[in-house]
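For the numbers below, each heavy atom of this structure counts, side chains included, while hydrogens, waters and symmetry mates do not. Everything numeric in this text was worked out from a predicted model, so none of it was measured.
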Amino acid sequence: MSKTSQQNTTTDASGVSVIHTQAHSSGLQQVPQLVPVSPGGGGKAVPPSKQGKKNSFVDRNSDEYRQRRERNNMAVKKSRLKSKQKAQDTLQRVNQLKEENERLEAKIKLLTKELSVLKDLFLEHAHNFADNVQPLGTETTTTNPENSGQ
């Protein structure tokens with residue numbers, strides 16, 4: 001008993017290929033497959049749920065269309081305002097940080113000058129202290145002339 005199979009592929013209007021196979025004498029089976037709509041085959045496969053939305057005609061005079069457009073316009077305005085507010089907040093924060101940086105740099109300069117003055121005072125005091133203190137064992141002994149004659 002030999003098994004023979006045949007395959008026939010057809011594509012419907014929505015871009016879905018259906019493969020018909022006939023195995024033995026059991027009849028045809030249909031297996032749907034997603035296939036790119038573009039003839040080059042380089043695009044993505046479009047699921048059936050998304051295909052109907054692109055092809056449907058929208059009446060621009062309908063109330064539903066106008067309501068959707070109004071909602072979209074309001075959402076766009078809200079998004080743009082939010083973006084503009086965020087940019088303003090960022091600019092304000094940048095200015096605050098610049099001011100704080102300038103203030104801190106001025107404080108660094110002041111503290112550096114103060115440190116320099118204190119170092120100079122310390123070194124001067126240490127130098128004077130070293131001049132006034134003689135090392136041990138180098139003290140001069142004075143003899144009393146009155147005691148030498150007795």
Side-chain angles (χ1 to χ4, degrees), residues 1-140:
M1 196 171 186
S2 69
K3 289 188 176 181
T4 58
S5 65
Q6 287 183 326
Q7 269 190 353
N8 295 329
T9 305
T10 59
T11 306
D12 64 4
S14 62
V16 175
S17 287
V18 179
I19 300 174
H20 304 281
T21 59
Q22 183 175 11
H24 219 336
S25 60
S26 63
L28 292 177
Q29 291 180 335
Q30 291 188 359
V31 181
Q33 238 182 357
L34 290 178
V35 176
V37 178
S38 64
K44 291 185 176 179
V46 180
S49 62
K50 298 279 183 178
Q51 291 173 353
K53 291 184 180 182
K54 285 187 177 181
N55 295 335
S56 65
F57 176 73
V58 178
D59 182 17
R60 293 180 180 230
N61 295 326
S62 70
D63 289 337
E64 179 189 354
Y65 176 78
R66 278 187 253 135
Q67 287 174 352
R68 279 192 284 150
R69 290 304 314 142
E70 280 184 36
R71 279 196 313 248
N72 182 263
N73 289 342
M74 290 171 69
V76 167
K77 284 180 187 179
K78 184 178 177 182
S79 174
R80 288 178 182 161
L81 284 174
K82 187 177 178 182
S83 176
K84 192 180 287 188
Q85 182 64 42
K86 187 175 180 181
Q88 288 175 349
D89 292 346
T90 303
L91 185 61
Q92 184 179 2
R93 180 74 174 137
V94 166
N95 289 333
Q96 288 174 347
L97 290 173
K98 282 182 180 179
E99 289 174 8
E100 183 180 1
N101 193 30
E102 290 173 3
R103 201 171 50 247
L104 290 172
E105 285 177 357
K107 189 173 183 178
I108 288 172
K109 285 182 182 179
L110 178 67
L111 290 173
T112 304
K113 285 182 183 178
E114 186 177 341
L115 177 65
S116 177
V117 168
L118 290 173
K119 273 185 182 178
D120 290 345
L121 285 174
F122 176 76
L123 292 174
E124 183 181 328
H125 178 70
H127 182 67
N128 288 340
F129 184 73
D131 287 346
N132 290 337
V133 175
Q134 294 177 354
L136 293 176
T138 58
E139 291 182 25
T140 58

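Annotation: side chain of Arg103 is in contact with side chain of Glu100 (closest heavy-atom distance under 4.5 Å). Residues Lys84 and Arg80 fail the side-chain proximity criterion, which asks for heavy atoms closer than 4.5 Å. Between Arg93 and Thr90, every side-chain heavy-atom pair lies at or beyond the 4.5 Å cut-off.
In this structure, CG in Leu123 is found 11.0 Å from CG in Leu118, a value given to the nearest 0.5 Å. In this structure, CG in Leu115 is found 13.5 Å from NZ in Lys113, a value given to the nearest 0.5 Å. With rounding to the nearest 0.5 Å, the separation of CG in Asn73 from CZ in Arg68 is 12.5 Å. The structure places CZ of Arg69 at 4.5 Å from CG of Asn72, a figure rounded to the nearest 0.5 Å.
With hydrogens and angles disregarded, a donor-acceptor distance shorter than 3.5 Å links the side chain of Thr112 to the backbone of Ile108.
Shown here are the side chain to side chain contact (heavy atoms under 4.5 Å, CB included) partners of Val117, two or more places apart in sequence or in another chain: Leu121. Here Asp63 pairs with Arg66 under the salt bridge (charged side-chain N to carboxylate O under 4.0 Å, His left out) rule; sequence neighbours left out.
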Report task. In sequence, state the C-alpha distance, the side-chain angles, and the governing distance for Leu111 and Glu114, and then conclude on side-chain contact (heavy atoms from CB on, under 4.5 Å). Result -> CA-CA 5 Å; Leu111 290 173; Glu114 186 177 341; 4.0 Å; yes
Report task. Could you walk me through whether Arg71 and Met74 pass the side-chain contact (heavy atoms from CB on, under 4.5 Å) test, one step at a time? Result -> CA-CA 5 Å; Arg71 279 196 313 248; Met74 290 171 69; 5.7 Å; no
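For the residue pair Asp89 / Gln85, a side-chain donor-acceptor distance below 3.5 Å is found, with atom types taken as modelled.
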